[in-house]
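Chain naming here is simple, since letters A, B, ... match the order of the sequence lines and numbering starts at 1 in each.
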There are 8 protein chains.
Amino acid sequence: MDLAILRFLQEDSGTPLDDLGKKVNLPKSTLYDRIRKLEKSGVIEGYHAKLNSSRIGYDYVGIVLVKARYGPHYHDKLGEKIASIRGVWAAYYVFGDFDFIILTRARNREDMMRINESLVNMPGVERTSTQVAAKILKEDQRVPL
Amino acid sequence: MDLAILRFLQEDSGTPLDDLGKKVNLPKSTLYDRIRKLEKSGVIEGYHAKLNSSRIGYDYVGIVLVKARYGPHYHDKLGEKIASIRGVWAAYYVFGDFDFIILTRARNREDMMRINESLVNMPGVERTSTQVAAKILKEDQRVPL
Amino acid sequence: MDLAILRFLQEDSGTPLDDLGKKVNLPKSTLYDRIRKLEKSGVIEGYHAKLNSSRIGYDYVGIVLVKARYGPHYHDKLGEKIASIRGVWAAYYVFGDFDFIILTRARNREDMMRINESLVNMPGVERTSTQVAAKILKEDQRVPL
Amino acid sequence: MDLAILRFLQEDSGTPLDDLGKKVNLPKSTLYDRIRKLEKSGVIEGYHAKLNSSRIGYDYVGIVLVKARYGPHYHDKLGEKIASIRGVWAAYYVFGDFDFIILTRARNREDMMRINESLVNMPGVERTSTQVAAKILKEDQRVPL
Amino acid sequence: MDLAILRFLQEDSGTPLDDLGKKVNLPKSTLYDRIRKLEKSGVIEGYHAKLNSSRIGYDYVGIVLVKARYGPHYHDKLGEKIASIRGVWAAYYVFGDFDFIILTRARNREDMMRINESLVNMPGVERTSTQVAAKILKEDQRVPL
Amino acid sequence: MDLAILRFLQEDSGTPLDDLGKKVNLPKSTLYDRIRKLEKSGVIEGYHAKLNSSRIGYDYVGIVLVKARYGPHYHDKLGEKIASIRGVWAAYYVFGDFDFIILTRARNREDMMRINESLVNMPGVERTSTQVAAKILKEDQRVPL
Amino acid sequence: MDLAILRFLQEDSGTPLDDLGKKVNLPKSTLYDRIRKLEKSGVIEGYHAKLNSSRIGYDYVGIVLVKARYGPHYHDKLGEKIASIRGVWAAYYVFGDFDFIILTRARNREDMMRINESLVNMPGVERTSTQVAAKILKEDQRVPL
Amino acid sequence: MDLAILRFLQEDSGTPLDDLGKKVNLPKSTLYDRIRKLEKSGVIEGYHAKLNSSRIGYDYVGIVLVKARYGPHYHDKLGEKIASIRGVWAAYYVFGDFDFIILTRARNREDMMRINESLVNMPGVERTSTQVAAKILKEDQRVPL
């Protein structure tokens, strides 16, 4: 039942509670309680309008592969700092040839250079390799349920 | 003004229209009209509940670097096919050493192997390199406004 | 309790049952039954004398990184064939830059070339990179319990 | 003759001495003496129950390629320290592009991260690349005789 | 003497012949003859206004590393075809890890993709890696004399 | 109209103003004014004789891929210094695996080594990879109009 | 004793037999017999004047890393063909990332391109990477005795 | 004429002067003078018996790719030191991805490790990659004349 609710809310969180109740065959109050529980437990993290980034002027998309300089507890602090650069919207600490892989959006070439400079100036960053996106084929954070 | 509306809706699309109207200092009907226009023009693509993927059982996160076999119009069709693999939630056609970079979520090692096999069995894919995520540091598709 | 038994048997499977019984504080027959159950369930796979490979004349140790040519169901069959080459004692199908990583032992350079040739002649193998071991620092298949 | 004894003990070290004697056509006491000599000379290093690691909960298997920072006598000390990390069951000092190649087993992603952190925090380690195993195709330390 | 003439013409080919004659201390007619000889012998290939490419709208500059598929006389024909792609203004056949290195200028991302697609669709091209320029630091084809 | 003028001046800047005026159908004085404006605005940067570099004895052409050591504001100063090495005629700060890509011309192997040494001795340069050109396929800085 | 003879002959094969006999304290006829035996057994392969290659006009020295296309018995035939290219004076079949490493000497850039073309046109060669020597630091085939 | 003499001496420096004189059609004394001149000018560097290295017990042949740490005049001193390691018989300073490429011969694995350790312990060496030779296909330092 929870899965059905999540699926609908993930698909379109703008659906009024009444309509949703009919779809999942639950009285409105029960539905409301369940949703609150899913929110409190952290399964639902929020409700957001999804914007088309290129229409708002974010034309430069980059995927940056980052190698860090090794040392005690290097990745916790470094990862935090990397994730907080304006323009970095996803960041992963990975096994493999790199230490971090991050996704960036920038308004133009100068803005993309700014992100790159932020990384390069960060003590602990050894090397970055920026793959400039020619085309976004898909960006849909919804989880298959 | 539109930016302010977008900022609020992106932050929390669950806010009732009345509250939002007060925040941006617009009568409800005007606000409603502006939002519809933003939806129609494609700036707003939808409203979604954001779910915590690991709480729903998606424990294996991978970033896959893909090299394609070259040939006429290879990337359009191939990109489409790659993007449609279940578990691939983001896909980019990139300049640089690779042709595609994709982000995947899987329930377990077998599920991750399934995604890998889908890629490997796809004519046109020459080589993949999967970087397994040790930790998700950030995943927040909201555009800075 | 089972963990204690496994730990002792893994450490030294030559210990007589009586001595082992005293160590884990179990009557011999109960101990015997538990061990049989661990064997039947597949937790214990066998009992083996561990030999010093270099004393028996296996002087060339190699770690081979293998890239496969992609295609339908390539890795199941190929992995099986690779694992069955005489001299290959461990084989892994991996995520990452390579497809298989294998461990080999050979009597001499000619024998090592034979293993390499077996790989190179195998349809489906695209590239191998053999890292010749200068020194074995550790080889102890026992699982920490 | 010694080879025959070694072959049988390696295959199944649980065989009673009487049965083994019949197989290799030797009186029990002679057989016993020969085995003791093989043990003392170090050809036989021990007798161990072989356990199925994944059944005991070791689900994450990694092959880690390690590059060291160069300097006087770097590899002797560093190799020792790497080999003593809990979860590292094999370690090789290699010629080639890397300095060490190690095999690891971990209980889960956090445990695998712990091993990675141990390496990364170790002075002298410059870079690691962890290849996560999708499947163990073979692990059989027995030497072909 | 020829070097002095070349140096001045390379620096500024707009200088009237009279002024140039004074600078190099030659009567106008002798100067004229010498210049004609340098043109005929191919030392001087032409006279061109140098334009600022980004002012004319060429914002995307790329350096593309190309690997070719090997085969008889592959590079002569392939090199010619690569050099004739619109937007490729320099092309080198190199020793080293790559076969060709080319310099490109494009009006926008779509135009840069077009160049990339031209390469990718060309039989004989095996792999390309495009390094997108963040900044042009220098572009001055003049030869030091 | 400006484009037509630029096209002609780029093609051959030696054409007398009268002839050019006829081609673009403009009185000489108007043409003169327009050209001065294009010069002042920086669209036209100069007029140069193009020399054949190999005829003047520049036989060694190299494309150098440079990796820099990271740190605060590293690329501005470093880029400037790299661009000012005698023999470097083009230099780009790039996204991707390298930090700078430069084009060099040298008289002979010793001269090429001098350029290489200049780079190697420069604090801030971490690694260079020089691709020696076997053949110049194209070098034509003119912008397509 | 043989070692002493070999050392002297390797050092300077022009020494008259009488002088050599005195140095190693052997009568000329015994010495003669021993040398003949070393020649027949293949320990001594010949006597050669060592020429300074750059003085004879071999200015381009390259070390070429070759990757082969895999297939049955690929390296025996391919290695033979590679070794017989004019200008290739050493060739090794190696374990590691490459399949062959060869040393070449060429008279000029065109001659070096010819060697490269011979490799590139050879069926079975997949990729070559030529490292052009800036300087020969040592070339002394004598074996330390 | 000199070329003919060089060709013969390079082929077999053991030929008596009389025989050689007949072959190149020169009186012995003229021949003698010419050879002396070739020796003095450095074209002929010496006369050596060529030994079969594997027959003398040099079984491990390696080609080592060396990357150096950059800094002022790094390569002159470093190259000298590398070339003087016992077992290094050829050394090149190269353009390309590496800084030095060296050829080594060792008696056994321990001896090969010694060479590797010498490199690794040398300040200024950043990384080495040793390609172990499986087979020597050709080693013939004679220059084609």
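For D:Met122, no part lies near chain A; criterion is any non-hydrogen pair under 4.5 Å. When heavy atoms are compared at a cutoff of 4.5 Å, D:Val125 approaches chain A by way of both its backbone and its side chain.
The number of heavy atoms from other shown groups lying within 6.0 Å of CD (A:Glu110) is above 12.
For the side-chain contact (heavy atoms from CB on, under 4.5 Å) criterion with A:Phe95, the lone passing option out of D:Thr128, D:Asn116, D:Val64 is D:Asn116.
Taking both residues in full, the closest heavy atoms of A:Asp97 and D:Arg127 are given as O-NH1, 3.8 Å, listed atom of the first, atom of the second, then distance.
With hydrogens and angles ignored, the 3.5 Å screen pairs no side-chain donor or acceptor of A:Arg69 with any backbone N or O of D:Glu126.
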